[in-house]
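Predicted model, so just to flag it, every value in this text is computed and none were measured.
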Amino acid sequence: MREDLRSGTAVAVRLAGGAPLRDALVVADPGDWLALDAGVREVAWHRSQLLPEWEHTAPLPADLTHLGEARLALALCHREGRIREAAVRRSARHPGLLPLIVIRCADWAEPVRERAQKLLRQALDAGTAVDLAPLILRVGHRDRGTFGIELLEEVLGRAPRGRLAVLFAHPDRTVRRFAYRLAVEHRLLCPAELAHAAARDQDTVVQDLCATAALTSLRDAEGAYDKVLTPLLTARSPRTRSAGVTALRRAGRPEQAEPFLGDRSALVRACARYVVRQHGDDPAPWYRKRCATPDDPGLPPGAVIGLAECGNRTDAGLLWPLLAHPAAGVRARAVTGLRALDLADAERLRPLLDEPAPAVVRETTAALLPSAKQLPADWLLERTGSERPRHVRVAAFRLLDAHGGVVALRAAVRLLEDPEVKLRTWAGQFVQRWHLSAEARRGDAEVGELLDRNRHLFGEHVLRRRKGEAGLDG
């Protein structure tokens, strides 16, 4: 916000100095116009000597007749309502100032607001509506800002479809959301086009809106389902794929949901299991069959975790062999599955902390955290050495943090010299919040030595108190 204000004041000063409007700001950027609006008032209050005399003497409306576009832009942003209203009157002959008219449509002063709204209604057509849509939508979030959005809907709702299509690819997601909502409301896109939009767009709101609209407007014709389901089922977004998978039940194609039982997304897997069960089948055998061959290179990781999601504790017999699978994703999901089934045996999983694959180590760490105190502290401390890979050092320290005690403090002090900035920061925060646990031995000289070595992390009072809690002299 401060940067916007600074840029707005700079634009105001340039305009006051005679710079043309198009040279002073990026006219296609709604942020520049909003910054200018705020910046003029900032200059007027604190740097009024940089503005022309009329800018801070509240002239009569007739005094504005001689102003050019740049000076009229300053008048449209003036802190005095009478000047803003007079500037709106003079702006009809300056289409380049329409962005400021949009802003004035939400003005707090009713005379200014009403005159600006009248002018915008006269000036807005399909072409200018597309250009001004980003700014209108931003101003629409303000108090008294609904007029612009309602007018935009009215103009674009009756515009040729090609005009609205420009907004479908707009980089501002708020603009795309508006455009697709309008297209859905006015039935401007067929189901197949909506499905492709849901599969293509990166915004989850647009994905949900278009996928729902595509499926809602479907007819029973076989061809229509093909044109809609194909883009949905092949979309990168899990939300969009899940919508397509759920629609397979309505389409009478539950068998097509089976491959999605092993999808990488938990949401898609859940939808696939729903479709399969609604068809009267049990998905668990499908998972067991896929996981029964522990060396299958084509085994999808989603099938491994899917087994844990719908299986039972007896399925752990299929998961343990998968810890040796050649694919890191399968090994990681096998660990996740064992944790989900509450069968994470610390001794059997501990060797995986030395895995070269960070994903496997992360999942193993999460599985071992509840039993961190059962792990050999010195064995973990050894893995915080700088010669170990970063993901191993992080995992070992996370487990030592959960382990607690003097050994955790020892590890944190060692990591204060780690080459990784994040690890050093994390270690410093750990030392600062460390307290002697109830079961630890009081009066341990090593604790005092470790705290003294890092007294720069504490105030003297805090250090004395911390050492006193540990049974040591301050």
| Ion pair Glu154/Arg121, N-O distance below 4.0 Å | yes
| task | Could you tell me whether a side-chain N or O of Arg161 sits under 3.5 Å from a main-chain N or O of Leu188, the two making a donor and an acceptor? | result | yes
| said: Under 4.0 Å between a side-chain nitrogen and a carboxylate oxygen: does that hold for Arg388 and Asp354? | reply: yes
| field | Non-hydrogen atoms of Ala126 and Val155 that approach each other most closely | value | N-CG1, 3.8 Å
| query | Could Arg173 and Asp201 be called an ion pair, given the rule that one side-chain N must be under 4.0 Å from one carboxylate O? | reply | no
| field | Arg89/Glu85 salt bridge by N-O under 4.0 Å criterion | value | yes
| remark: In short, Leu229 meets Gly244 closest at the heavy-atom pair CD2-O, 3.8 Å
| Taking NZ, NE, NH1 and NH2 as the nitrogens, is one of them in Glu80 or Arg82 under 4.0 Å from a carboxylate oxygen of the other? | yes
| said: Nearest 0.5 angstrom please: Leu182 CG to Leu156 CG, how far? | reply: 6.0 Å
| Qualifying residues under side chain to side chain donor-acceptor pair (under 3.5 Å), relative to Arg200, sequence neighbours excluded | Tyr180
| message | Looking only at the side chains, is there a donor atom on one of Asp125 and Thr128 sitting less than 3.5 Å from an acceptor on the other? | response | yes
| field | side chain to side chain donor-acceptor pair (under 3.5 Å) involving Arg410 - partner list, sequence neighbours excluded | value | Glu446
| message | For the backbone of Gln207 and the side chain of Thr240, can you confirm whether one donor and one acceptor N or O come within less than 3.5 Å of each other? | response | no
| query | Just by modelled atom types, is the Cys190 backbone N or O under 3.5 Å from a matching donor or acceptor in the Glu193 side chain? | reply | yes
| query | When you look at CD of Glu387, are more than 12 heavy atoms from neighbouring residues, nucleotides or ligands closer to it than 6.0 Å? | reply | yes
| task | Report the C-alpha separation of Gln202 and Arg236 in whole Å, then their side-chain angles, then the decisive distance to 0.1 Å, and conclude whether the side-chain contact (heavy atoms from CB on, under 4.5 Å) test is met. | result | CA-CA 9 Å; Gln202 299 299 309; Arg236 293 186 62 185; 5.5 Å; no
| query | Should we say atom CD of Gln122 is surrounded by more than 12 heavy atoms from elsewhere, each under 6.0 Å from it? | reply | yes
| message | Return the CG to CG distance between Leu100 and Leu76, rounded to the nearest 0.5 Å. | response | 5.5 Å
| field | Note: Asp263-Arg241 ion pair, threshold 4.0 Å (strictly below) | value | yes
| Where Thr384 and Ala411 come nearest, the two heavy atoms and their spacing | CG2-CB, 4.4 Å
| task | Specify the closest pair of heavy atoms between Thr216 and Thr212, including all atoms of both residues, with the distance to one decimal. | result | OG1-O, 2.6 Å
| task | Taking all non-hydrogen atoms of both residues into account, name the closest pair between Arg176 and Leu167 and its distance. | result | CG-O, 3.6 Å
| Is the closest basic N to carboxylate O distance between Glu309 and Arg273 below 4.0 Å? | yes
| field | Residue Arg144 excluded, over 12 heavy atoms near CZ under 6.0 Å | value | yes
| task | Measure across Val175 and Pro134 and return the closest heavy-atom pair with its distance rounded to 0.1 Å. | result | CG2-CA, 3.7 Å
